[in-house]
Amino acid sequence: MATIKTMNNISKKGLGLFGPFYQVSDSIENPDAILVRSAQVDTDNFDGLLAVARAGAGVNNITIDKASAKGICVFNTPGANANAVAELVMTVLGMAVRNADKAAAWVKGLDVNDPDLAKTVESGKKKFAGMELAGKTLGVVGLGKIGVLVANYARWKNMRVIAYEPYPNANNMHELSNKVEIADLDTVIANSDFLTVHVPFIKGVTENLLNRKNLAQFKGSYIMNFARGGIVEMDPVNEMLASGSLQGYLCDFPTAELIKNDKVTCFPHLGASTEEAEENCAVMAVEELKDYIEYGCVRNSVNFPALVDHPHAGIKSRVVVINQDVPNMISEITKVFGAEGINIASFSNKSNGKIGYNLVDVESKVDDSIVEKLSKLDKVIKVRVIHF
Ligand SMILES: NC(=O)c1ccc[n+]([C@@H]2O[C@H](COP(=O)([O-])OP(=O)(O)OC[C@H]3O[C@@H](n4cnc5c(N)ncnc54)[C@H](O)[C@@H]3O)[C@@H](O)[C@H]2O)c1
Ligand SMILES: O=C(O)CC[C@@H](O)C(=O)O
């Protein structure tokens, strides 16, 4: 029986995949794995934790470095909620440039008994005249799963799109419209009518990626942040809003100050809140956890190297060895098996510069003594055995 602690609301479609071998509850104290959305997870608070799966993209709510130090694998679900966010971003921008929410609120406030209602409507609408997206330039910062979709949607609306991506991923680039222009960050900021950011929040790296210095070049009207609060430096944005050089700030991360500002439209971290995205994320996260718990396979981890290699028929034990990524570990590990007279049927290894990950398959049942011996090796972080 494996135990899974859920934090936040996780779609039933995903939870239903766990099956009878799993106990799934939000009240388990020291679970084998955690399934989470936006709640904070300090992995040091859980003994014996094997893995954390984030049903979503951003993992800044999880203590990744602490997890790596203890051999805890952290997963996310790349792309599973990207369309939900991209659709919201384009909807919100479309509404902003047409003053759609303000206009609709004005209509709601009209006197329904006004005999000249139709006239009032026609004469009042000029206050809400807006502009069109077609022909305007959208600047996209970050061409990951969401940024690519936003860029493509903007192209379909006949916008010019310029984008910045420092680490282009071949799969994402393959999906990108060939009409999207790629440029450096300053060029994107300086040439956009609207700016949207889609990068992870990484303290000291993407923190204040849009900042006083580079935002000084922005001559457009709206900045959108549906990625994470700390990515945009707020003091210059507030000053630009107050001076009127920026028409609006549209974001998914409300603060008291933002809520009070009439030129800011805040959403309640709503980007991924569609039935489809919640299901996609939950299903992907549960599949990742099950494959890890049952077979030691790693896909979509943010701290472990990818290694998907299911054991062949006849394998009775799979020994999972997680080590710091230093030279000579494979030799040290195999020596332990040799010294015990255990024949290795299959050995898979991957490393990512920080973590070395090994799956050692054996056609007999190994006992706990091998775990003890492997665990004593210098630089080994964690060892577990999966029996079949
Ligand atoms: N509002 C929401 O509900 C919601 C939903 C999903 C994701 N998000 C946020 O959006 C972010 C992006 O999601 P995604 O699915 O596109 O992730 P992704 O990993 O597919 O894309 C992120 C992109 O940012 C790029 N990047 C990394 N560092 C960068 C830097 N210094 N400068 C510019 N680009 C950089 C990466 O190379 C990658 O292409 C997530 O990390 C998360 O914080 C928010
Ligand atoms: O789970 C959510 O609702 C938000 C998810 C989002 O912030 C993400 O990073 O994927």
Side-chain angles (χ1 to χ4, degrees), residues 1-8 10 14-15 17-37 39-55 59 61-77 282 285-307 311 316-325 329 333 336 350 352 354-362 365-388:
M1 172 76 69
T3 52
I4 310 289
K5 181 180 185 67
T6 52
M7 297 168 79
N8 306 118
I10 308 288
L15 295 180
L17 298 176
F18 272 122
F21 176 67
Y22 291 85
Q23 186 195 341
V24 183
S25 155
D26 59 4
S27 59
I28 294 168
E29 278 190 10
N30 285 310
D32 295 310
I34 290 173
L35 185 50
V36 65
R37 280 173 65 176
Q40 295 295 321
V41 180
D42 182 342
T43 49
D44 275 358
N45 290 341
F46 301 93
D47 287 336
L49 189 63
L50 296 177
V52 181
R54 188 342 176 175
V59 287
N61 54 322
I62 302 164
T63 53
I64 307 289
D65 289 344
K66 286 182 181 178
S68 301
K70 290 199 172 161
I72 297 164
C73 190
V74 181
F75 300 93
N76 71 350
T77 60
V286 170
E287 284 172 348
E288 289 163 357
L289 280 184
K290 285 187 70 178
D291 215 14
Y292 187 71
I293 291 168
E294 293 171 30
Y295 299 107
C297 293
V298 180
R299 73 179 89 223
N300 299 328
S301 171
V302 297
N303 63 337
F304 278 29
L307 181 47
K316 295 277 188 306
S317 304
R318 167 166 276 192
V319 185
V320 180
V321 186
I322 301 160
N323 57 264
Q324 291 176 33
D325 189 10
M329 291 307 297
I333 293 166
V336 172
K350 276 281 168 66
N352 64 5
K354 284 187 176 165
I355 295 283
Y357 192 77
N358 311 272
L359 299 176
V360 192
D361 288 352
V362 175
K365 286 253 184 239
V366 299
D367 60 39
D368 284 350
S369 67
I370 192 101
V371 174
E372 210 175 296
K373 293 194 171 82
L374 287 164
S375 300
K376 280 189 183 142
L377 289 178
D378 191 27
K379 309 298 181 200
V380 163
I381 304 171
K382 197 182 196 89
V383 182
R384 76 178 165 117
V385 182
I386 304 167
H387 294 294
F388 303 104

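This is a predicted model, so every value here is computed, not measured.
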Non-hydrogen side-chain atoms of [X] and [Y] separated by less than 4.5 Å:
X: Val298; Y: Pro305; result: no
X: Phe21; Y: Lys290; result: no
X: Thr77; Y: Asn300; result: no

- Item | ring-ring contact (aromatic ring centres under 6.0 Å, His included) partners of Phe46, counting only residues at least two apart | none
Nearest 0.5 Å please: distance from the [atom1] atom of [X] over to the [atom2] atom of [Y].
X: Asp26; Y: Ile4; atom1: CG; atom2: CD1; result: 13.5 Å
X: Lys5; Y: Asp32; atom1: NZ; atom2: CG; result: 13.0 Å
X: Asn323; Y: Leu374; atom1: CG; atom2: CG; result: 10.5 Å
X: Asp42; Y: Asn61; atom1: CG; atom2: CG; result: 11.5 Å
X: Asn8; Y: Arg54; atom1: CG; atom2: CZ; result: 7.5 Å
X: Asn352; Y: Ser68; atom1: CG; atom2: OG; result: 8.0 Å

Minimum-distance pair of heavy atoms, taken over all atoms of [X] and [Y]:
X: Ala2; Y: Ile293; result: CB-CG2, 4.0 Å
X: Val74; Y: Asn303; result: N-OD1, 2.9 Å
X: Glu288; Y: Arg299; result: CG-O, 3.7 Å
X: Cys73; Y: Ser301; result: SG-OG, 3.4 Å
X: Met329; Y: Gln324; result: CG-O, 4.0 Å
X: Val385; Y: Ser317; result: CG1-CB, 4.1 Å

- Message: Students often mix this up, so state it plainly: with edges at 30° and 60°, are the rings of Phe304 and Tyr357 parallel, tilted or perpendicular?
- Response: tilted
- Inspect the surroundings of NZ in Lys354 and state if more than 12 heavy atoms from other residues, nucleotides or ligands are less than 6.0 Å away. no
- Count the heavy atoms belonging to other residues, nucleotides or ligands that lie under 6.0 Å from CZ of Phe18, then report whether that count exceeds 12. yes
- Query: So, Arg318 and Asp361, do they make that salt bridge, N to O below 4.0 Å?
  - Reply: yes
- Whether Asn358 side chain and Val321 backbone form a donor-acceptor pair below 3.5 Å: yes
- Item | The single option from Thr43, Thr63, Asp44, Asp47 passing side chain to side chain donor-acceptor pair (under 3.5 Å) against Lys70 | Asp44
- Working for side chain to side chain contact (heavy atoms under 4.5 Å, CB included), residues Phe75 and Glu287: CA-CA 11 Å; Phe75 300 93; Glu287 284 172 348; over 6 Å; no
- Message: Please enumerate all residues that pass salt bridge (charged side-chain N to carboxylate O under 4.0 Å, His left out) together with Lys373, with sequence neighbours excluded.
- Response: Glu340
- Query: Of the options Val59, Ile10, Val41, which is the one that meets Val36 in a side-chain contact (heavy atoms from CB on, under 4.5 Å)?
  - Reply: Val41
Identify all side-chain donor-acceptor contacts of residues 376-383 below 3.5 Å with residues at least two apart in sequence or on another chain.
{"unit_1": "Lys382", "atom_1": "NZ", "unit_2": "Leu49", "atom_2": "O", "d": "3.2"}

